[in-house]
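Right, one structure below, let's go through it.
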Amino acid sequence: MDTDANQIFENDGGAEGTQVQLVTFEVGAATLAIEISSVQEINRNLDFTVVPQAPAYVRGVTNLRGEVVTILDIHIILGMPPSDANANSRNLIVKHDEEMFGLRVDRVSDIMSVRTCDLTVPPSNLQGVPKQLIQGVYQSTERLVLYVDMDELLKSCNQMEPA
Amino acid sequence: MIQDDELLQEFVVESAEHLADVEGQLLEIEGQGEDLNIDLVNTVFRAVHSVKGAAGFLGLSTINELAHNLENVLNQVRNQELVPTHQVVDALLRSADKLRTLVDDVGGSNEVDVSAQVAELKRIHEGETEAAIAEDLECVAESVNDSLENPKDSVVPASAGEDSAEGSQPAAQQEPESSVPAVDASAETAPGPEAGSQPAASQNTAQPAKAKPAPAASSRPNTPKPNTPKPSAAKKDAKQSAKQPESNVRVNVSVLDRLMNLAGELVLSRNQLLQAVNNSSRDQLEDIASRLDHVTSELQEAIMATRMQPVGTVFNRFPRVVRDLSGKLGKKCSLEIEGSDVELDKTIIEAIGDPLTHLVRNSVDHGVENPDVRLANGKPEQGVIRLRAFHQAGKVCIRIEDNGGGIDPEKLKSKAISNGILTESDAEKLSNVDALRLIFAPGFSTAAAVTDVSGRGVGMDVVRTNIEQIGGSVEVESELGVGSAMHITLPLTLAIIPSMIVGSGSEKYAIPQTNIAELVRVPSTEIDRRIGCVQGAEVLRLRGALLPLVRLGTTLDAKPADEQATHRGLNVIVVESGQLRYGIVVDKLYDSEEIVVKPLGRQLKDASYLAGATILGDGYVALILDITGLAAIAKLRSGDEAGVLAEDEGQELNEKHRLLLFGNASEEHFAIPMACISRIERTRVDEILDLGGKSLLPYRGGTLPLLCVEEQITAKPRDSELDHVFIVVFTVAGREIGLITPVLRDICNIALEVDAGSLREPGVAGVIVVGDTPTRLLDVVEMTKNAHPEWIEKEDNEPEPDGKHILVAEDSSFFRRHVEQTLVDDGYTVTTAIDGQEAWEKLQAMDPLPYAVVTDVEMPNMNGLEFCEHIRADARTVELPVVALTSLASDDDVARGQAAGVNDYQTKMDRDSLLRSLASFSKV
């Protein structure tokens with residue numbers, strides 16, 4: 001959350017069209033975003049219990065104030081090599097479809113407001129990330145933000161099963 | 001017909017629960033079209049089936065009829081004989097709606113006319129198959145002309161128009177806007193008799209935009225419904241929405257007072273704690289900790305007490321069920337109930353109602369035979385069904401037993417083959433116990449005809465699913481012609497389970513105490529002796545049985561066994577679930593803790609070895625192991641230990657002998673050489689028949705003659721209180737015979753020092769000392785000979801030995817004498833030697849050569865194989881037949897023996913085979 005202060009300002013300024021608030025985060029070399037309303041919290045407790053024989057994209061389970069929450073490794077879901085935890089790693093606790101789970105990401109960077117009309121379809125030459133998981137692309141001044149389709153993301157998890 | 005208000009009320013609540021989800025599920029089924037999710041159809045089917053069953057015994061004939069027809073159609077959908085098109089689902093929904101209105105007003109339900117829905121369902125059903133649907137359902141006519149909503153009878157040609165009129169009747173009390181076509185499930189959360197069950201329904205249709213226009217409501221006018229929604233998102237919700245019936249518990253005021261007191265104590269403790277923390281007083285902290293501990297457990301106990309109810313509230317309905325059903329089926333049954341006062345958690349009590357009803361009905365329908373059949377089989381005309389609840393090892397068991405016809409495993413197998421559940425080769429491998437378990441497979445039914453009582457094969461599937469959902473297990477036991485028993489094991493409560501925390505690698509796991517039979521530590525010095533290998537699987541020798549072992553780390557992570565840990569000894573947790581029993585090897589044992597079960601996320605639902613997760617005191621998440629699932633991924637065959645025993649083959653080549661130790665009367669110890677045992681069976685005592693003074697066991701279509709120790713030799717009779725005994729099966733003179741061994745004690749390797757002098761009698765080879773216990777070594781062949789002299793005498797087609805000379809080399813004096821005796825008895829003359837060296841010297845001195853040589857393998861100075869090589873190396877003796885005797889002949893032994901020139905291998909003490917083998921040389 002240390003970058004792009006200008007951009008937040010800029011986006012907040014333009015109040016036309018429907019606005020979505022996005023949390024952007026980094027996974028490998030990509031910058032992804034999900035809607036802020038589905039994010040419960042950003043958690044820096046990276047301890048987890050390994051679940052043997054679980055699908056590869058499940059990193060483990062962790063205790064989130066009395067609830068057992070599954071931590072998914074979004075690297076694996078996106079087909080990237082897993083990354084080691086570092087000081088910037090976070091668990092993005094997401095509530096989607098009445099179910100809570102965590103996404104392990106490399107860094108949480110930003111919160112931004114985007115007008116839906118500024119979102120474009122993903123370019124056909126999108127690299128590194130399966131295109132069907134992206135519901136839109138936002139071109140900020142510096143980088144390309146990929147707006148993740150959570151339904152598709154979870155669906156692709158199901159297709160990856162069994163381990 | 002309807003008398004019992006409480007029962008009826010229960011039925012209403014239950015049925016409403018069952019039906020609450022049906023609507024959403026039907027819609028989802030429609031959305032899937034041909035791409036059908038069979039599980040979902042099964043779910044709907046079960047719900048309807050449960051309603052049908054309950055309605056049947058409450059005499060709610062209209063509900064029963066409608067549900068039955070609904071079920072017929074669903075069954076077709078499930079079997080993929082019918083595509084759930086819009087029209088079909090429309091009809092299903094209309095009927096489901098109707099069913100719900102009937103349930104809402106059970107009192108008047110028998111007067112309601114449902115012929116239109118029934119006709120419609122029947123048309124759909126018959127449209128696809130000619131299958132029999134013509135079950136008589138007594139009261140089709142009965143309901144026709146009553147009350148409220150008659151007019152539409154004439155209006156309705158065949159479609160569902162009638163609902164518009166009649167739907168408004170119960171709807172009035174429930175949903176103000178019932179006249180609006182779009183009645184979705186969420187509208188029904190309005191207070192109604194079944195309000196408690198509705199939250200689930202409303203969750204289901206959490207996407208009102210999608211669910212609302214659905215044909216759900218379509219019930220009303222005749223307008224065609226063009227809009228087929230695709231409730232794609234609803235799918236996930238339907239799966240997720242757990243049923244959470246809210247209901248009331250009556251709590252005794254004294255319990256409430258106690259709770260208040262305890263809460264007061266808790267507050268007090270907290271205040272003290274805060275104070276102590278401020279003062280940083282260590283002593284005070286310890287006091288408070290122990291006080292808190294005390295208060296917490298009392299509080300937990302008190303809260304649990306508010307949830308406990310006697311199982312009698314469920315049992316009380318069954319006398320009626322049995323009476324009505326047996327009357328209907330023309331059978332005579334009595335019901336005996338025991339243990340009504342056993343208490344269980346309320347949620348469990350509620351959840352077992354359905355499964356138990358199924359089982360009791362099954363007992364009446366399938367179990368108990370018709371009176372004439374019973375009479376013909378020499379049984380009393382009246383069958384007895386026993387329903388028992390009792391505590392066992394921290395769990396509650398419920399047994400439903402009948403003394404009916406039992407279940408034929410062969411029939412189950414062939415049925416399973418024709419249903420495509422099993423292949424023929426699989427079926428052959430299936431043990432009888434496993435075959436019986438087939439009844440729990442979905443879609444499996446053995447009843448020849450589908451009746452409205454049972455026979456669709458949905459019942460047992462439901463039973464198992466329901467019971468497993470509440471953490472219980474169900475097992476079936478049956479003896480053909482004698483009866484069957486269903487054994488249900490239930491946890492006392494669901495919320496908090498005492499568990500053992502164990503460590504494997506760096507992770508911790510919880511194993512529910514209810515599954516733990518015992519903890520065994522195998523010190524490193526005993527590992528070699530007690531841990532063995534049977535067909536590649538590790539086993540632990542534990543008091544006369546071989547226990548399959550599962551190494552937790554290896555099984556879950558495919559990590560190699562931790563050698564370090566092995567050096568320190570092994571921690572084995574012996575677990576049980578139903579008939580499954582095995583040992584889990586873990587790296588570490590931590591504490592026993594009471595844990596709160598937390599569900600796992602959807603992504604982990606496929607991990608069958610997990611029963612959930614829990615959060616330990618240190619905040620760490622531990623996974624809870626599911627004993628049955630773990631066995632499955634470890635590929636353990638559910639098997640009786642006896643089977644494992646019989647398969648066991650030791651690799652020992654030393655001169656120790658493997659003996660099976662068993663007890664007859666409590667103080668008497670016996671041993672049998674494992675080598676003569678072909679297998680071991682376990683059987684119920686009451687299955688053993690006494691015919692003409694001889695005991696017999698009906699066995700695989702034939703009979704197995706049995707020997708009793710006390711009948712053959714001087715011994716005290718066995719304890720009469722035993723339910724089960726083991727049968728050790730031998731082959732003597734080409735026939736199988738079983739020895740009743742009431743209590744198996746151990747299998748051990750013992751260097752035999754037999755005192756053949758004392759206590760010698762026919763059938764007892766001598767006395768050995770095992771540990772400090774004098775144990776009689778039995779000679780089963782001799783026992784058999786005494787019991788069945790005719791078997792042995794028949795074998796006179798063998799050439800007579802005629803005093804032929806045999807050289808016997810054997811270092812153990814007991815066996816030397818035993819072999820000598822055997823041979824002399826049979827008419828040979830014998831020269832003995834104490835080792836290979838002596839035998840070789842004697843042989844060289846002999847002229848003429850003996851007829852054959854019988855030699856032990858393991859001997860000092862010169863062993864049997866060396867002896868044999870000498871024989872083969874000498875031109876004079878190269879042709880001499882050599883029989884080697886071993887305590888156990890493994891394939892390796894045989895190969896080595898053949899390389900050395902041994903003609904035949906025989907196991908010690910198997911005199912029959914030895915004689916036959918010797919006789920065969922003269923034929924050559």
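Because the structure is predicted, anything quoted here is derived from the model rather than measured.
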Chain B contact via A/Asp47 - side chain, backbone, both or neither, heavy atoms under 4.5 Å: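 Nothing of A/Asp47, per the 4.5 Å heavy-atom cut-off to chain B.
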query: A/Val50 versus chain B, heavy atoms under 4.5 Å apart: side chain, backbone, both or neither?
result: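 A/Val50 touches chain B through backbone and side-chain heavy atoms alike.
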For [X] against [Y], the heavy-atom pair lying closest together:
X	Y	answer
A/Pro52	B/Leu623	CD-CD1, 4.0 Å
B/Gln603	A/Leu154	NE2-CD2, 4.0 Å
A/Thr49	B/Glu507	CG2-OE1, 3.2 Å
B/Lys598	A/Val68	CB-CG2, 3.6 Å

* Between A/Asn63, A/Val58, A/Val51, which has the largest tally of heavy atom pairs under 4.5 Å with chain B? ->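 Of A/Asn63, A/Val58, A/Val51, A/Asn63 has the most heavy-atom pairs under 4.5 Å with chain B.
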